[in-house]
Amino acid sequence: TWGGSFDVTMDSATDDDRSRNLDLERASLQKLEETQQSWLLGPSEQKKKKYVDLGCIVCSRKLFLTIVIAFAASALLSGLVVLIVKTIPHHHSPAPPEDNYTKALHKVLLFFNAQKSGKLPKHNNISWRGNSALNDGFQESQNLVGGYYDA
């Protein structure tokens, strides 16, 4: 034969124990490294959450930021518009000149106010005209006070 006997003896229980112990040693070593790193580096960075919980609704962080930015932009834009409108001077066009119809109507109203009889109101725009004919119809027991004089 070629150089002696070839005997393989396998102790399966011992190999399994060694394998388990090796896995436990690796896990404890990894845990120890994480602990040492946390002591040296401080707490590890946590991943940003992908969702925002508003209490009544849960939405994605991207959608929430988009909505917040849109509201802020619209508020800024509307404030800018109001500021511009308030600071620009307003030029009002002058009143149009009176036309002939307006002048004629004004004179007709003055004429009728001058022709009133009876007790006149305090805001009568004819300053020289006072109360007149307050006893009309008194002798016939009728009240004829008020109205207009014939021109």
Side-chain angles (χ1 to χ4, degrees), residues 3 5-134 143-151:
S5 68
F6 185 67
D7 291 332
V8 175
T9 59
M10 224 168 127
D11 187 11
S12 63
T14 310
D15 287 340
D16 285 342
D17 287 340
R18 286 182 193 150
S19 171
R20 284 187 196 128
N21 287 340
L22 194 64
D23 288 342
L24 287 174
E25 286 177 10
R26 284 184 190 154
S28 63
L29 183 62
Q30 184 179 6
K31 194 73 158 173
L32 180 64
E33 287 176 8
E34 288 176 7
T35 306
Q36 286 174 344
Q37 285 179 359
S38 68
W39 286 345
L40 295 174
L41 302 175
S44 63
E45 290 185 33
Q46 295 183 1
K47 292 181 181 178
K48 288 185 178 179
K49 294 180 181 177
K50 292 183 180 181
Y51 297 98
V52 176
D53 186 4
L54 301 174
C56 60
I57 190 169
V58 176
C59 65
S60 71
R61 182 178 188 83
K62 189 174 184 179
L63 176 67
F64 178 72
L65 288 176
T66 303
I67 291 172
V68 167
I69 289 171
F71 274 120
S74 64
L76 183 66
L77 182 65
S78 62
L80 186 63
V81 167
V82 168
L83 182 66
I84 290 171
V85 167
K86 292 291 185 180
T87 56
I88 292 177
H90 300 288
H91 298 289
H92 298 287
S93 59
E98 289 187 351
D99 58 349
N100 290 335
Y101 179 76
T102 306
K103 291 177 184 177
L105 184 61
H106 181 69
K107 289 179 181 179
V108 166
L109 290 174
L110 281 174
F111 174 78
F112 278 107
N113 281 337
Q115 296 299 317
K116 283 184 183 179
S117 71
K119 181 147 178 75
L120 299 178
K122 291 182 179 180
H123 58 80
N124 186 18
N125 58 357
I126 307 295
S127 61
W128 50 267
R129 184 78 173 157
N131 298 334
S132 63
L134 297 177
N143 185 7
L144 301 176
V145 176
Y148 291 91
Y149 290 111
D150 292 337

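Bear in mind that the values here come from a model prediction, so they are computed numbers and not experimental data.
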Worksheet item: With a 4.5 Å heavy-atom cut-off, do Val145 and Lys119 have their side chains touching?
Response: no
Worksheet entry | Of Thr66, Val68, Ile67, the residue whose pairing with Phe64 passes side-chain contact (heavy atoms from CB on, under 4.5 Å) | Val68
Worksheet item: At what distance, to the nearest 0.5 angstrom, does CD1 of Ile57 lie from CG of Leu63?
Response: 8.5 Å
Worksheet item: Which pair of non-hydrogen atoms, one from Leu120 and one from Gly130, has the smallest distance, and what is that distance?
Response: CD1-O, 3.2 Å
Worksheet item: Looking only at atom types and distance, does a side-chain atom of Arg61 sit under 3.5 Å from a main-chain N or O of Tyr51, one as donor and one as acceptor?
Response: no
Worksheet entry | Test side-chain hydrogen bond (donor to acceptor under 3.5 Å, both in side chains) applied to Asn125 - qualifying residues, sequence neighbours left out | Asn113
Worksheet item: How long is the span from the NE2 atom in His106 to the CD atom in Glu98, to the nearest 0.5 Å?
Response: 8.0 Å
Practice prompt. Determine whether more than 12 heavy atoms belonging to other residues, nucleotides or ligands lie under 6.0 Å from atom NE2 of His123.
Written response: no
Fill in: Passing option when Ile84 is tested against Val81, Val82, Ile88 for side-chain contact (heavy atoms from CB on, under 4.5 Å)
Ile88
Worksheet, complete the sentence: Heavy-atom closest pair (Ser117 atom, Ser132 atom, distance to 0.1 Å) is CA-OG, 3.7 Å
Fill in: CD1-CG distance between Ile126 and Leu109, expressed to the nearest 0.5 angstrom
10.0 Å
Worksheet item: Under a 4.5 Å cut-off applied to non-hydrogen side-chain atoms, are Tyr148 and Lys116 in contact?
Response: yes
Practice prompt. Tell me, yes or no, whether the heavy-atom count around Leu83 atom CG, taken from other residues, nucleotides or ligands under 6.0 Å, exceeds 12.
Written response: yes
Fill in: Enclosure of Asp53 CG (heavy-atom neighbours >12, cutoff 6.0 Å)
yes
Discussion item. Please enumerate all residues that pass side chain to side chain contact (heavy atoms under 4.5 Å, CB included) together with Asp99, with sequence neighbours excluded.
Written reply: Tyr101, Thr102
